[in-house]
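We count residues from 1, following the sequence as given.
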Amino acid sequence: MSATTPTTVAEDPPDLLTMRETAQRALGQDSGPDALPPAGEEVDTLIARLRGHLRLLMPEVEQAAGRLPSNSPTRYGALACIGEARGRLRAPEVSCAWPRGSVMYARRLARVLGTLCDHYEIVSAGVAETPEQTAFVRWADHCVTCPICRAMDDEGVNLGLPCETQDRLHDQYREARSRDRARVGHRRPVEAPA
């Protein structure tokens with residue numbers, strides 16, 4: 001007999017695609033409070049799936065965020081989202097008439113699940129600060145230190161003087177933000193207008 005050494009099998013990462021599809025079913029094309037989920041989709045089953053996905057994903061996000069520096073904006077955002085998800089799981093369904101109250105509750109769960117999926121992708125990749133966050137900090141730091149941007153009249157009202165540096169940094173922030181939105185937005189199906 002030969003001795004075998006135990007091998008550690010890495011756990012599979014969460015199935016974000018399935019989680020996002022479930023969230024999208026709850027949100028549907030019309031995410032207004034009066035819209036019902038697709039035909040044949042039981043609201044209670046949908047809520048159970050959303051809650052299960054959240055319970056699976058929260059510890060994963062928390063563990064990945066824990067590996068980031070304590071002053072990381074992405075860590076802070078991920079942990080805040082986990083707190084929001086916990087609150088949603090503890091909250092009772094809205095006591096409106098069925099199915100409206102249940103649909104509203106499912107949509108709240110779906111929104112936090114989608115955001116938690118985004119946070120998981122960022123923190124599990126070890127990103128301590130996204131390009132959008134970096135560009136925003138650069139822009140904000142300039143605005144609070146630049147004498148042109150801070151110029152005020154005798155009554156303490158900002159003069160709003162034009163500042164080329166502020167304009168350039170703001171444009172860089174808008175570009176970084178639109179790139180991040182496009183990266184996240186590609187997961188959500190876009191419906192053709194009717």
hydrophobic_cluster_shared for [Y] and [X], side chain cutoff 4.5 Å:
X   : Y   : value
Y76 : M58 : no
I82 : L56 : yes
L46 : L89 : yes

Heavy atoms only: give me the nearest [X]-[Y] pair and the separation to one decimal.
X    : Y    : value
A110 : L27  : CB-CG, 4.0 Å
P69  : R75  : O-CD, 3.3 Å
A26  : R107 : O-NE, 2.6 Å
I47  : A106 : CG1-CB, 3.7 Å
L113 : L57  : CD1-CD2, 4.1 Å
T115 : C81  : CG2-SG, 3.7 Å

Would you check if the side chain of [X] reaches a backbone N or O of [Y] as a donor-acceptor pair within less than 3.5 Å?
X    : Y    : answer
Q172 : A135 : no
S72  : L68  : no
R88  : L109 : no
Y173 : R168 : no

To the nearest 0.5 Å, what is the distance between [atom1] ([X]) and [atom2] ([Y])?
X    : Y    : atom1 : atom2 : result
T134 : E129 : OG1   : CD    : 3.5 Å
L79  : E84  : CG    : CD    : 13.5 Å
D141 : C146 : CG    : SG    : 12.5 Å
T130 : D118 : OG1   : CG    : 11.5 Å
Q63  : S124 : CD    : OG    : 11.0 Å
C143 : H170 : SG    : NE2   : 8.5 Å

Tell me whether [X] is salt-bridged to [Y], with the criterion being a basic N under 4.0 Å from an acidic carboxylate O.
X    : Y   : result
E121 : R20 : yes
E21  : R25 : no
R49  : D44 : no

TODO: Measure the acute angle between the ring planes of W139 and F136, then classify it against the limits of 30° and 60° as parallel, tilted or perpendicular.
DONE: perpendicular
Task: For I148, the rest of its hydrophobic cluster, which grows through side-chain links under 4.5 angstrom - done: L159, L161
Task: H142 side chain near C163 side chain, heavy-atom distance below 4.5 Å - done: yes
Open item on the list: Under a plain distance cut-off of 3.5 Å, with no hydrogens placed, do H119 and T74 share a side-chain donor-acceptor pair?
Closed with: no
Open item on the list: Can you confirm whether more than 12 heavy atoms, excluding those of R55, are under 6.0 Å from its CZ atom?
Closed with: yes
